[in-house]
Protein chains: 4
Amino acid sequence: MIAISSDNKVLLRDTRREQLLAVAVERFAKYGYHSTKISDIVAQAGVAQGTFYWYFKSKEAIALEIIRVGREGLLMVIERGYPTQNGSVQIMVQGSQRLLKDIFQFGQENRYFMELLLTEGGADETIRQGVRDTRIAMEEAFRRNIERAIEFGMLPKSSDMHMRAALLMSLIEGVMARWLFGPVHPESDLAQRSAEQLAAETVQFEFFGLLGI
Amino acid sequence: MIAISSDNKVLLRDTRREQLLAVAVERFAKYGYHSTKISDIVAQAGVAQGTFYWYFKSKEAIALEIIRVGREGLLMVIERGYPTQNGSVQIMVQGSQRLLKDIFQFGQENRYFMELLLTEGGADETIRQGVRDTRIAMEEAFRRNIERAIEFGMLPKSSDMHMRAALLMSLIEGVMARWLFGPVHPESDLAQRSAEQLAAETVQFEFFGLLGI
Amino acid sequence: MIAISSDNKVLLRDTRREQLLAVAVERFAKYGYHSTKISDIVAQAGVAQGTFYWYFKSKEAIALEIIRVGREGLLMVIERGYPTQNGSVQIMVQGSQRLLKDIFQFGQENRYFMELLLTEGGADETIRQGVRDTRIAMEEAFRRNIERAIEFGMLPKSSDMHMRAALLMSLIEGVMARWLFGPVHPESDLAQRSAEQLAAETVQFEFFGLLGI
Amino acid sequence: MIAISSDNKVLLRDTRREQLLAVAVERFAKYGYHSTKISDIVAQAGVAQGTFYWYFKSKEAIALEIIRVGREGLLMVIERGYPTQNGSVQIMVQGSQRLLKDIFQFGQENRYFMELLLTEGGADETIRQGVRDTRIAMEEAFRRNIERAIEFGMLPKSSDMHMRAALLMSLIEGVMARWLFGPVHPESDLAQRSAEQLAAETVQFEFFGLLGI
DNA sequence: TATGAATGAGAATTCATTCAT
DNA sequence: AATGAATGAATTCTCATTCAT
């Protein structure tokens, strides 16, 4: 019997193509798109320069592929977190916390993709666009979550869904980015938290603000 | 009293230098550090290629200079917003709102610097470091603000100042970034808000969370 | 009598080889030697990249083979057209016309080879040499034709056979090239002529010049 | 007093740009477009690789520039040769001979451009197009010459101007190509002729054909 | 101060050819 | 015979930086 991995991780393994994707996303994240040379990627993958072009049309193409695959995985996680039934605030907080935990875990397991998504602003226009689109899609998913929660009477009505979604996304992106790759103050123990803890604290703030922490 | 030289030469020197800085920060922000060529900068500034090197040692140098100057201005704004006296929650909320408004206004007036600060992750290591340091310094300033507020009994005690500061910074950076340069959903009217409005909504969330909005 | 093997393998072998030759000559002619990639050839032939090298040692080898085969066919046509007996001018004109018609027909049936022969100047030295040799051999054949005609008293003597042959070749090559692949003025109906017509008009000019047309 | 050169030669001198043009046209002609590397050009010109790109956008750009300049010079020569007045056949033959001599001389003085024009079929499509256009323009100029001659009653009427122009162009191109760069039979003394002699013999054939030589 | 031509070290990409299967 | 993945040398082009004037 073959055990199928059920984790969130975007599978990047086995074939040469996936190996190149894995190496590329790591270096793009660590050093940025432009500072990463094709020669670096193939050297780390242990193949010849030309081999890269057997699998990808160009440097841009591999970056877009990384974004495409990562986006799919990420959105799948978020869609799974939809509130689907009526309930108390308590229940909703629990639901939110579970969703955030999943997202943070996804980030932890795909940290290079996440870094690319959250910090890469220096690449070429097509890639910037790909990143932008993914983040907008993510924000959209959250907006729908919030709307659903309001329908179910779990959240007070508000005229501006977009603002709420923006505030949420800001929290999530900012916290995750600091957690995974800083910038973080040397004294802070943020990086040591588990996804679960981080989700709990973030959700607390999300619902009750500074005064409720 | 400081005598300002009225010598044309000196003024021109400063002017030209400022002009190059202004052009550079705009292009760095719009197109990213690597996609911005020295030739683009000098073309837009209307000077010859060599002239650039009279004023700046290198491309990296001008980027670091941009970050240095912007950081000074930004930190000055934040330091001004320190809570300096005891008071009610009401007063603290007002204070926070004023501080946020100032920061958002600074961002509006220095949008290219802000974009560089908030979105440039693709530049070379030295520059990434400069950006990181500035954001850490900013977060530090907020942490001190929060500590002061707790001392004055305006906020409940909490063991993790860093986490609070991180949450705050996430909010501010995320909201400001979306406000000024997206990515933003086409239907959202976020971009139309004044710095004042934006500060009000953000502070509301900051203190009371989603439930309090 | 030569026994033709009816073994499928051998036939397939020949077929595949011919197919690659046919595809190659077409693309060399249409796009030039350098712009034609081995990958283009095998793609159009529907075989794998490696297969090419089972039949041909290299890209250069297939080009030389194309030229060799085409040259044999072309010279065969020309040799057939030799004037072999005494006769009047009238008879010689008819003979010339028949020869030209055969040549033009050969060009029509081997248009890609002809295009390669008449227009490829951009290939590597070995191939240029092959083309040059073929055209010299062709010119030689015409020179011998002219000498024969003079022996038989059908043409006036002249000291420079080579010049006459060069003039003839120029006419034939130029007319055929324009007829088959241009460059040709959009209004011209040159391309619509039959090989027969074209031969008639060319021979007329050949013998009587502009004044005699 | 400064003597202004009044010869036909397209001036390729003095400045770096023109030096690069001169080197490029020579190598394109000698070795073909694709076999000529930018590194060859700059090495022969004695400048750095990057310098090439200060003057020309790309390899294609310099080829097109070469064709553009050469075309202008060539058409200028041909336009000068227009028959402008009525006259006897004798006069027209003289006129034609003078025109051909000028063209041959132009070819001699711009042999590399001429070689490019007459033999380069292997370059990329844009360049092939440039060559084609130039040759069509040339043929057009001849067609107009012939029409004029018919108007003046110097040549018998004929329904197909295009065919006549094609025959003429074939002669001129073929003879010039053989004269300047072969392929030519080793025994032939074609290459030793002067432009004047060549023009005389070609015109003789042009008007009277083989029988009249 | 200012110019702009010149430099040259790379960078991405191409493509004929090889080779294990 | 056939495949197609892999190779790597070669090529075009870029661009930060220098330098003579």
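Sequence lines set the chain letters: A, B, ... in the order given, protein chains first and strands last, and positions in each chain run from 1.
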Asks: Answer yes or no: does a side-chain N or O of A:R16 lie under 4.0 Å from OP1 or OP2 of F:dA6?
Replies: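 Checking F:dA6 against A:R16, a side-chain N or O does come within under 4.0 Å of OP1 or OP2.
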
Asks: Please state how far atom OH in A:Y55 lies from atom P in E:dT14, giving the value in whole angstrom units.
Replies: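 Roughly 17 Å, once rounded to whole Å.
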
Asks: Between D:H34 (NE2) and E:dC15 (C1'), how many Å, whole number?
Replies: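 Rounded to the whole Å, the gap is 12 Å.
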
Asks: Output the rounded distance in Å from NZ (C:K37) to P (F:dT11).
Replies: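 These atoms are roughly 13 Å apart.
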
Asks: Closer than 4.0 Å, any side-chain N/O of B:Y53 to the OP1 or OP2 of F:dT17?
Replies: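 Indeed, a polar side-chain atom of B:Y53 lies that close.
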
Asks: Measure CD1/C:I38 against C1'/E:dT18 and give the value in whole Å, please.
Replies: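 Going from C:I38 (CD1) to E:dT18 (C1'), I get 13 Å.
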
Asks: To the nearest angstrom, how far is B:L20 atom CG from E:dT1 atom P?
Replies: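 In whole Å, E:dT1 P and B:L20 CG are 13 Å from each other.
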
Asks: For the residue pair C:K59 and C:Y33, would you count it as a cation-pi contact if the rule is NZ or CZ under 6.0 angstrom from the ring centre and within 45 degrees of the ring axis?
Replies: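 That pair qualifies as a cation-pi contact.
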
Asks: If you assign D:G50 and C:G46 each to the DNA chain F nucleotide with the nearest heavy atom, which residue ends up on the more 5' nucleotide?
Replies: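 Final value for this comparison: C:G46.
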
Asks: Could you identify the nucleotide paired to F:dT21, looking across every strand shown and requiring Watson-Crick or G-U wobble geometry with both distances under 3.5 Å?
Replies: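 F:dT21 is paired with E:dA2.
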
Asks: Please figure out whether C:F52 or D:E60 has its closest DNA chain F nucleotide nearer the 5' end.
Replies: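 First, find each residue's nearest nucleotide; the 5'-ward one identifies C:F52.
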
Asks: What is the distance, rounded to the nearest whole Å, between atom CG of C:D124 and atom C1' of E:dC15?
Replies: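 Whole-Å distance recorded here is 13 Å.
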
Asks: Grab the CH2-P distance between C:W54 and E:dT21 for me, whole Å please.
Replies: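 Those two atoms, CH2 and P, are 18 Å apart.
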
Asks: Tell which nucleotide pairs with F:dT12, taking only Watson-Crick or G-U wobble pairs whose two distances are both under 3.5 angstrom.
Replies: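 The answer is E:dA11, by the H-bond criterion.
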
Asks: Can you find a side chain N or O atom of D:T51 that sits less than 4.0 Å from OP1 or OP2 on E:dT7?
Replies: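 Looking at the OP1 and OP2 atoms of E:dT7, one of them is under 4.0 Å from a side-chain N or O of D:T51.
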
Asks: Roughly how far apart are D:L21 CG and D:E18 CD, rounded to 0.5 Å?
Replies: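 Separation between the atoms: 7.0 Å.
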
Asks: Hydrogens and angles aside, do A:H34 and B:D124 bring a side-chain donor and acceptor to less than 3.5 Å of each other?
Replies: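 The criterion, which ignores hydrogens and geometry beyond distance, is not satisfied for B:D124 and A:H34.
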
Asks: Mind checking D:S35 for me? I need base, sugar-phosphate or nothing, with any heavy atom below 4.0 Å counting as a touch.
Replies: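 D:S35: no heavy atom of the nucleic acid under 4.0 Å.
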
Asks: Nearest-Å distance, NZ (D:K59) to P (F:dT12)?
Replies: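 Checked: the NZ to P distance equals 5 Å.
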
Asks: Could you check B:A48 against D:V47 and say which one's nearest nucleotide on DNA chain E is further toward the 5' end?
Replies: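 Upstream on the strand: B:A48.
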
Asks: Does the pair A:I127 and A:I67 meet the rule for a side-chain contact (heavy atoms from CB on, under 4.5 Å), with working shown?
Replies: CA-CA 8 Å; A:I127 296 161; A:I67 291 167; 3.8 Å; yes

Asks: Look at C:S39 and E:dC15 and indicate whether a side-chain polar atom (N or O) is within less than 4.0 Å of OP1 or OP2.
Replies: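 The answer is no; no side-chain N or O of C:S39 sits under 4.0 Å from OP1 or OP2.
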
Asks: For the C1' atoms, the ones on F:dT21 and on E:dT1, what distance do you get once it is rounded to whole angstrom?
Replies: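 These two C1' atoms come out 13 Å apart once rounded.
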
Asks: What I want to check is whether the side chains of C:D133 and C:Q129 have a donor and an acceptor closer together than 3.5 Å.
Replies: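 Indeed, the side chains of C:D133 and C:Q129 share at least one donor-acceptor pair under 3.5 Å.
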
